[in-house]
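By convention in this document, chain letters (A, B, ...) are assigned in the order of the sequence lines, proteins followed by strands, and residues within each chain are numbered from 1. Everything numeric here is computed off the predicted structure, so don't read it as measured data.
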2 protein chains.
Amino acid sequence: MEATIEVILEEGYAAATSRKVAARAGVKQALVYYYFPTMDDLFLAVVRGGAEVTFERQRRALEENDPLRALWLISGDARATKLNTEFMALANHRKVVSAELKRSSERIRDIETAAVTMVLRAHGVDLEKYPPVVMSMILTGMARNLRNEEAVGVTAGHAELSAFIERFIDEYSSAPSPDRDA
Amino acid sequence: MEATIEVILEEGYAAATSRKVAARAGVKQALVYYYFPTMDDLFLAVVRGGAEVTFERQRRALEENDPLRALWLISGDARATKLNTEFMALANHRKVVSAELKRSSERIRDIETAAVTMVLRAHGVDLEKYPPVVMSMILTGMARNLRNEEAVGVTAGHAELSAFIERFIDEYSSAPSPDRDA
DNA sequence: GTCTATAATGCGATAGAC
DNA sequence: GTCTATCGCATTATAGAC
């Protein structure tokens with residue numbers, strides 16, 4: 001019943017009503033309440049499912065040979081980013097959503113930071129001076145910010161930022177050279 | 001009639017109905033439609049007003065002796081950030097809001113970038129290697145991201161990121177030393 | 001300018017048939 | 001499992017009194 005996602009992406013979370021979701025799924029409104037007792041339960045399931053997908057993608061990225069680039073690409077997924085923004089706004093007035101979003105975000109942040117730690121350590125970077133969690137937050141945060149801005153049509157500085165980040169990623173995707181600084 | 005802002009901050013944009021806004025402002029519902037023909041007009045006025053306030057604050061920051069820190073602090077304003085997130089979600093299904101948000105964002109980005117350009121140039125930084133617009137986007141973007149995460153209770157990595165950014169700001173708030181690299 | 005009253009629509013949720 | 005039908009309530013917006 002995650003036709004909910006489509007409605008949210010197209011018209012915003014406020015449009016994700018039991019009637020519209022049902023129509024999109026090709027069923028009648030009352031059936032929504034057969035699977036999800038309340039709308040809160042539906043939203044919770046959608047948040048959980050979305051987080052699970054992202055978490056799995058990030059987990060697999062850990063095993064790739066270019067984790068930083070994978071992190072950058074996954075975090076910049078337009079669909080997931082837009083959904084996340086809607087969930088953030090939704091969390092503002094549905095506390096069960098807020099709690100779930102917190103759990104999911106921290107879980108994903110942990111695995112992202114693990115990936116960055118691995119890469120920086122392999123390249124002999126001073127982890128005190130350049131904490132992996134910070135690099136992880138900037139990398140994933142800016143990827144999301146770009147998509148958010150694109151969603152309203154803002155593109156100023158995007159090319160420059162992408163080039164800058166990709167230059168950074170390139171530096172750490174080559175073979176390790178342990179005596180290099182940042 | 002910007003009691004609308006309070007309602008949005010407390011319960012999200014979807015709760016900003018003519019009735020709730022009117023109640024908060026201490027008037028009757030119908031009066032909202034006397035000042036704003038439709039709810040779209042009301043939201044538009046709120047977005048415009050909020051952007052104007054931020055723009056003016058950033059403009060004044062340009063004249064201060066520590067523009068980078070001012071940028072960081074203004075961009076991390078909890079109220080403005082939360083409002084902006086709601087507007088982003090609101091823009092998803094109200095195109096007039098989307099257009100206004102685009103205009104405002106680009107205008108603010110321009111003045112932010114001007115401030116960063118000034119500082120970097122005064123310190124003799126290679127502007128090709130470290131484009132001001134990129135530094136401006138990271139500085140303001142991450143400030144907002146921190147507040148957004150705090151809103152759902154996520155604080156992992158926040159202390160580290162703040163320390164990292166502030167170390168950067170400190171470097172460029174002291175007297176210029178033109179032969180330094182980043 | 002501010003109000004009361006109301007029309008038309010859509011909402012979450014439930015009852016109960018099949 | 002899926003449906004029809006419905007309750008009670010909130011919504012945007014308008015008409016019209018004062």
Side-chain angles (χ1 to χ4, degrees), chain A residues 1-50 82-83 85-101 152, chain B residues 1-50 82-83 85-101 152:
Chain A
M1 208 70 80
E2 325 298 31
T4 309
I5 293 177
E6 295 176 25
V7 177
I8 292 179
L9 288 177
E10 288 167 21
E11 307 176 64
Y13 77 80
T17 64
S18 57
R19 281 170 172 79
K20 277 191 183 158
V21 167
R24 171 65 65 131
V27 297
K28 298 297 174 180
Q29 182 238 0
L31 195 58
V32 173
Y33 292 94
Y34 174 78
Y35 290 100
F36 305 98
T38 70
M39 288 303 283
D40 263 15
D41 295 307
L42 171 57
F43 285 124
L44 207 54
V46 173
V47 173
R48 244 191 273 265
K82 202 166 178 183
L83 258 186
T85 303
E86 292 291 330
F87 289 155
M88 295 266 301
L90 185 60
N92 198 4
H93 70 285
R94 290 200 191 245
K95 48 189 176 184
V96 291
V97 170
S98 175
E100 180 57 35
L101 209 53
V152 297
Chain B
M1 209 68 81
E2 324 298 33
T4 308
I5 292 177
E6 295 175 26
V7 177
I8 292 180
L9 289 177
E10 288 167 21
E11 307 176 64
Y13 78 80
T17 64
S18 57
R19 278 174 170 76
K20 278 192 182 155
V21 168
R24 172 66 64 131
V27 298
K28 298 298 173 179
Q29 182 241 357
L31 196 58
V32 173
Y33 291 93
Y34 174 78
Y35 289 100
F36 304 98
T38 72
M39 290 303 282
D40 262 17
D41 295 307
L42 171 57
F43 285 124
L44 206 55
V46 172
V47 173
R48 244 192 272 266
K82 202 166 177 183
L83 258 186
T85 301
E86 292 291 331
F87 288 156
M88 295 265 303
L90 186 60
N92 197 5
H93 70 284
R94 291 200 190 244
K95 47 189 176 182
V96 292
V97 170
S98 175
E100 179 57 35
L101 210 52
V152 295

| message | Assess whether a salt bridge exists between A:R24 and A:E10, defined as any Lys/Arg side-chain N lying under 4.0 Å from an Asp/Glu carboxylate O. | response | yes

| Where the side chain of A:Y35 is concerned, which of D:dG1, C:dC3, D:dC3 is the nearest nucleotide? | D:dG1

| Going by heavy atoms in the side chains, are A:M88 and B:M88 under 4.5 Å from each other? | no

| query | Between D:dC3, C:dT2, C:dC3, which nucleotide has the shortest distance from any of its atoms to the side chain of B:V27? | reply | C:dC3

| task | State, with a plain yes or no, whether a side-chain heavy atom of B:F87 is found less than 4.5 Å away from one of B:I8. | result | yes

| task | Spell out protein contact along nucleotides 11-18 of chain C as letters: B when the base is contacted, S when just the sugar-phosphate is, - when no protein heavy atom is under 4.0 Å; keep the 5' to 3' order. | result | BBBB----

| Do B:V7 and B:T4 come within less than 4.5 Å of each other through their side chains, counting heavy atoms only? | no

| request: Rounded to the nearest angstrom, tell me the gap between atom CG in B:L31 and atom P in C:dT2. | output: 5 Å

| remark: Here the distance between atom P of C:dT6 and atom NZ of B:K28, to the nearest Å, is 15 Å

| field | 4.5 Å side-chain heavy-atom contact, B:H93 and B:Y13 | value | yes

| message | Is there a side-chain contact (heavy atoms from CB on, under 4.5 Å) between A:N92 and B:K82? Walk through the geometry before answering. | response | CA-CA 9 Å; A:N92 198 4; B:K82 202 166 177 183; 3.5 Å; yes

| message | Looking at A:Y34, I'd like to know whether one of its side-chain N or O atoms comes within less than 4.0 Å of OP1 or OP2 on D:dG1. | response | yes

